[in-house]
Amino acid sequence: MLYNSKVSIGALALALLASATYAADVNSASQQPGVKSFAGESLAKNAKITMVDARAIALKAHPGTITDEELENESGGSGLRYSFDIKDAKGTQEVGVDAKTGKVLENKREEKNPD
C-alpha cells in the first residue's frame, strides 16, 4: 500500500512539473523574438499573414534592421497592412506588406519628417 502511494505522489509530481513547464512555455511565447506585442495587434485576427511572416517578407524586400512595426487599416491592397521601418546604412526604408495576401505594397525611402 505504501508503494502505491509513493507511485501516485511521484506521478502527481511529474504531472505538475510537466504542466508548469507547458505553462511557462506558453507564457514566454510573447517574449520570444518574432512573437512580441506590436501596435495594431488587435487587428491580427483579421490577417491571414502573421507578423512573423510579414517581417520575413519585408526584410526580403529590403534587408536591414526593423526599428518600428505595426498592423494598421490603410488604403491599398486588402486594406489591412503591416508597416515596417527598416534601417540600413543609407537611412530608413518604409515597407508595407498586405496582411491578407503577403504582397509588398510599399517599399520606399522614409522622408526626413515621417508621419
Side-chain angles (χ1 to χ4, degrees):
M1 193 80 165
L2 186 59
Y3 177 75
N4 286 340
S5 64
K6 285 183 181 179
V7 171
S8 297
I9 291 171
L12 178 61
L14 186 58
L16 288 173
L17 178 61
S19 178
T21 301
Y22 173 76
D25 288 345
V26 169
N27 290 334
S28 68
S30 63
Q31 298 170 3
Q32 296 173 5
V35 189
K36 63 179 187 171
S37 295
F38 53 91
E41 189 172 15
S42 62
L43 299 172
K45 64 183 178 287
N46 300 321
K48 292 184 179 177
I49 305 297
T50 67
M51 175 60 90
V52 172
D53 291 337
R55 283 185 198 130
I57 294 166
L59 289 170
K60 184 175 180 183
H62 189 85
T65 302
I66 295 174
T67 59
D68 191 33
E69 59 190 18
E70 67 181 322
L71 179 58
E72 59 191 340
N73 288 312
E74 192 167 316
S75 62
S78 69
L80 187 60
R81 152 188 328 207
Y82 290 103
S83 181
F84 300 93
D85 289 344
I86 302 175
K87 187 169 178 63
D88 63 15
K90 296 178 184 177
T92 302
Q93 190 87 355
E94 187 171 352
V95 178
V97 177
D98 191 293
K100 293 187 179 180
T101 67
K103 180 179 176 185
V104 174
L105 301 172
E106 178 179 26
N107 189 355
K108 67 177 184 171
R109 189 63 58 190
E110 191 169 82
E111 299 172 12
K112 294 211 182 249
N113 296 318
D115 53 357

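All of these numbers come straight from a predicted model, not from anything done at the bench.
- For Lys108 and Glu110, the salt-bridge test fails: no basic side-chain N is under 4.0 Å from an acidic carboxylate O.
- Considering every non-hydrogen atom in both Gly91 and Arg109, the closest pair reads C-NH1, 3.2 Å.
- Using a 4.5 Å cut-off on side-chain heavy atoms (C-beta onward), Leu80 and Leu71 make contact.
- A donor and an acceptor atom, one from each side chain of Thr67 and Asp85, are nowhere located under 3.5 Å apart.
- For the residue pair Ala58 and Ile86, the shortest heavy atom distance occurs at O-CD1, 3.7 Å.
- Between the OG atom of Ser83 and the CD atom of Glu106 there is a distance of 6.0 Å, given to the nearest 0.5 Å.
- When side chains are defined from C-beta on, Asp68 does not count as touching Phe84, because their heavy atoms never get closer than 4.5 Å.
- Leu105 and Leu59 fall into different hydrophobic clusters, defined by Ile, Leu, Val, Met, Phe, Trp and Tyr side-chain heavy atoms under 4.5 Å apart, directly or through other members.
- Nearest heavy-atom pair, Asp88 versus Pro63, reported as atom, atom and distance to 0.1 Å: CB-O, 4.1 Å.
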*Please step through side-chain contact (heavy atoms from CB on, under 4.5 Å) for the pair Glu69 and Met51, ending with a clear verdict.*
CA-CA 9 Å; Glu69 59 190 18; Met51 175 60 90; 4.0 Å; yes
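- Arg81 has a carboxylate O that lies under 4.0 Å from a charged side-chain N of Glu74, or vice versa, which qualifies the two as a salt bridge.
- Val104 and Asn107 get closest at one heavy-atom pair: CG1-CB, 4.2 Å.
- Rounded to the nearest 0.5 Å, atoms NZ (Lys100) and CG (Asn46) are 6.0 Å apart.
- Between Asp53 and Lys48 there is no salt bridge, since no side-chain nitrogen of the basic residue lies less than 4.0 Å from a carboxylate oxygen of the acidic one.
- Side chain of Tyr82 to main chain of Ile49: a donor-acceptor pair is present (N/O by atom type, distance under 3.5 Å, no hydrogens or angles).
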